[in-house]
Protein chains: 2
Amino acid sequence: MSDARVTSLDVARLAGVSQSAVSRVFSGASASAATIKKVRAAADRLGYRPNSLARAMITGKSRMIGLVVAYLDNQFYPLAIERMSAALQARGYHILLIMAGNSTEGIESVMQDLMTYQVDGIVTASVAISSDLTERCAAMGIPLVMFNRGQDGAGLSSITSANVEGGRKVAEFLIAGGHERIAHIAGWQGASTGRDRMRGFLEGMAAAGREPLAVIDGMYHREPAIEATHALMERSDPPDAIFVGNDHMAFAVLDTLRGALGLSVPGDVSVVGYDDVPMAAWESYDLTTLRQPVNRMVEATVETLLGQIEDPARLPQKIEIAGSLILRGSARIPEGWDIT
Amino acid sequence: MSDARVTSLDVARLAGVSQSAVSRVFSGASASAATIKKVRAAADRLGYRPNSLARAMITGKSRMIGLVVAYLDNQFYPLAIERMSAALQARGYHILLIMAGNSTEGIESVMQDLMTYQVDGIVTASVAISSDLTERCAAMGIPLVMFNRGQDGAGLSSITSANVEGGRKVAEFLIAGGHERIAHIAGWQGASTGRDRMRGFLEGMAAAGREPLAVIDGMYHREPAIEATHALMERSDPPDAIFVGNDHMAFAVLDTLRGALGLSVPGDVSVVGYDDVPMAAWESYDLTTLRQPVNRMVEATVETLLGQIEDPARLPQKIEIAGSLILRGSARIPEGWDIT
DNA sequence: CTTCGGATTGCATACGTTTTCATCAACGCT
DNA sequence: AGCGTTGATGAAAACGTATGCAATCCGAAG
């Protein structure tokens, strides 16, 4: 009914109590049963809800979390956002979403923006930030955790899957499958995930005395991955297996192998991805891939972040979550492996 | 350096001016060149940035937009979010993101939450809301625009593609292609988009004196669409064309036809989708589909919303944006159509 | 009946900004 | 020189809430 915004003072007047009483009822402080009843009744009648911004001013806690995401092409991120949002909402937090592209200077200003909104914490997903910025966060007492990307600086938390181990598992799997010429279309080498997966892969190969046929940076994008596939298959000694740095690129590789090149998978080439996004299970792709456990990663992210918010003295953590290889139809399966 | 939060008063003291002067410099009000210089210098030294929440309290404008999204499985929504975020950021707005699932009572409370954060406006994407709630928004003077979903209530804005017309176009296309038994796996009939596309489709069929072989509600989800595909193809008179209510379901239909059923597309069955998400252009699917122009829809959404924010007297609008049929390989193309 | 203690309550202040208002200096014009 | 005009500036109020502090109330214990 009322056009104007209704404040705690309006409620107080209608209920015949002081403004502080109203505040106490809604902030859960102690109040007599009688007041609570009167206040609730008046509030319901006026449709009153406390102003979160005013509340944030006084308490110093906005209950908002800044979420900085580079892009959403890769299905992994929408999924992660969905889960993260649910987890945070369940704990009474809200998400201030920022899309950052991948320009470093853009990030800088955007993060500053976030801070002016007094967010209680920041999650960056697949985004690299300058150490200057992390220090600034630390100085302002804003906890920061990097999701799915590590960084060397000491003072910050990160949650990733066990990328090195994952890369190694893939190498072992492909070697066990009897592949002779194994290539790698790597994740973007500017990101720790891409580098770590590659490192693990190379270690796994080396441990068996093997070397990759070739390694090409696919930049985590579709087009470069397609080009890389062509480049690999045009060689005189084309690979009989390709490990691709993430599922998003692996789909492009599969499309190219089967479509433009008319090859059979896994008959001519085995393909293994990384992530296990839902689409990897779709019949058209049926992609063998190393699963990143989104749920557990999100859970850890939220836990770490809120932990640091509630207890600022808590030290930053770097958590790695192990994932397992999901066997599907895009890669030859070694004897006996499917029983595992 | 400083652990504490730095306020305009700190800057004022360092610059040797009053707090109001600092405020004026940062809010763009008039000030002498001398003061501006002093204030800027002091602010830079302290790393001062105005507190957006305090600013919001006083101006009554938080420069935050609430974005309520049901789910992100369908690639159309991540894409839309990405665009919308960019457009809003460019105009100095920020996004408060809420995931709402599809439970009606969940929406209710979540929207209330949004309002306590004093958002300047709300965009709902693919979400239905009670008329009670729209009234409450109106009463609080919070503009609301529904993205990709219409609703009959008079007082609210919505941006959709021209769904009826789109459905009709698909019908005409499939009829022109000489298909004899045309079926429809419809979008969720609880949503206006699903109903409108179906209505247009039926109108188009009727205009040619035809009737659909069958119509099944696919709920906009993958599983129901797969079941519907099986149900259709098990008939004694299976369809030779299927119009699917959106791309997300169409991918499931294609997977099922080609995979489990071993059929050829478009040899045995033509398939047409709706949305034209990027994935529709991928080689594996190569889906003929009716394009929803995301960019223009987002542009219109932002325009409408900000228009209403700046001028509250502006009337709500229902905007429909026409899309065109994108011809690809999943449906037989009528003689001469590809030249269009 | 008095006194003590704990639970409630109201008053006033604080949070960090924008904005109105009055003051003041400077300046051009008659 | 006097006067009005303009532009800059500081003091103070306001936004809507939480909370420390003092006052008050109530019942129970003595």
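Labels below follow one simple rule: chain letters A, B, ... track the order of the sequence lines, proteins then strands, and each chain is numbered from 1.
No donor-acceptor contact under 3.5 Å links the side chain of A:Thr7 to the base of D:dC15.
Using a 4.0 Å heavy-atom distance criterion, A:Val22 is classed as making no nucleic acid contact. A:Ser23 comes within 4.0 angstrom of a nucleotide base, judged by non-hydrogen atoms across all strands. Residue contacts for A:Thr35: at a heavy-atom cut-off of 4.0 Å it reaches the sugar-phosphate backbone alone, with no base atom in range.
With no hydrogens or angles considered, no side-chain donor-acceptor pair links A:Ser130 and A:Asp132 at under 3.5 Å. If you check the side chains of A:Ser18 and A:Ser20, you find a donor sitting under 3.5 Å from an acceptor. Donor-acceptor pairing under 3.5 Å is lacking for the side chains of A:Tyr220 and A:Ser126. B:Tyr117 and B:Ser62 form no side-chain donor-acceptor contact under 3.5 Å, judged by distance and modelled atom types alone.
Taking atom CZ on A:Arg49 and atom P on D:dG16, their separation rounds to 17 Å, with Å as the unit. Protein atom CG of B:Leu46 is 15 Å distant from nucleotide atom C1' of C:dG16, rounded to whole Å. D:dT19 atom P lies 16 Å from atom CZ of A:Phe26, rounded to whole Å. Taking atom CD1 on A:Ile36 and atom P on C:dA7, their separation rounds to 15 Å, with Å as the unit. Residue A:Asp10 contributes atom CG, which lies 9 Å from atom P of D:dT17 at whole-angstrom precision. Going from atom CD of B:Gln118 over to atom C1' of C:dT17 covers 16 Å, rounded to whole Å. The nearest whole Å value for the distance from the CZ atom in A:Arg5 to the C1' atom in D:dT17 is 15 Å. Atom CG of A:Leu9 is separated from atom C1' of D:dA18 by 14 Å (rounded to the nearest Å).
Comparing D:dA14, D:dT17, D:dA12 by their closest approach to the side chain of B:Ile58 singles out D:dA14. Here the nucleotide nearest the side chain of A:Arg24, chosen from D:dT17, C:dT9, C:dG16, is C:dT9. Nearest to the side chain of B:Met57, among C:dT9, C:dG16, D:dA18, sits C:dG16. Comparing atom distances between the B:Asn51 side chain and each of C:dT17, C:dG10, C:dT9 picks out C:dT17 as nearest. Closest to the side chain of B:Ala31, from the set D:dT9, C:dT9, D:dT19, is D:dT9. Minimum atom distance to the side chain of B:Ser20 is reached by D:dG10, of the listed D:dT9, D:dG10, C:dG10. Taking the side chain of A:Ser18 as heavy atoms from C-beta on, and the options D:dG10, D:dA8, C:dG10, the nearest nucleotide is C:dG10. The nucleotide whose nearest atom lies closest to any side-chain atom of A:Gln19 is, among D:dG16, C:dG10, D:dT19, D:dT19. Picking from C:dG10, D:dT19, C:dT17 the nucleotide with the shortest atom distance to the side chain of A:Ala21 gives C:dG10.
Classified by interplanar angle (parallel below 30°, tilted 30° to 60°, perpendicular above 60°), the ring pair B:Phe76/B:Phe147 is parallel.
Side-chain nitrogen and oxygen atoms of A:Ser32 include at least one within less than 4.0 Å of the OP1 or OP2 phosphate oxygen of C:dT9. OP1 or OP2 of D:dT17 lies within a sub-4.0 Å distance of a side-chain N or O belonging to A:Ser8. Of the side-chain N and O atoms in A:Tyr117, none sit less than 4.0 angstrom from OP1 or OP2 of C:dG16.
Only one option out of A:Leu97, A:Ile95, A:Leu67, A:Ile65 pairs with A:Ser85 in a side chain to side chain contact (heavy atoms under 4.5 Å, CB included); it is A:Ile95.
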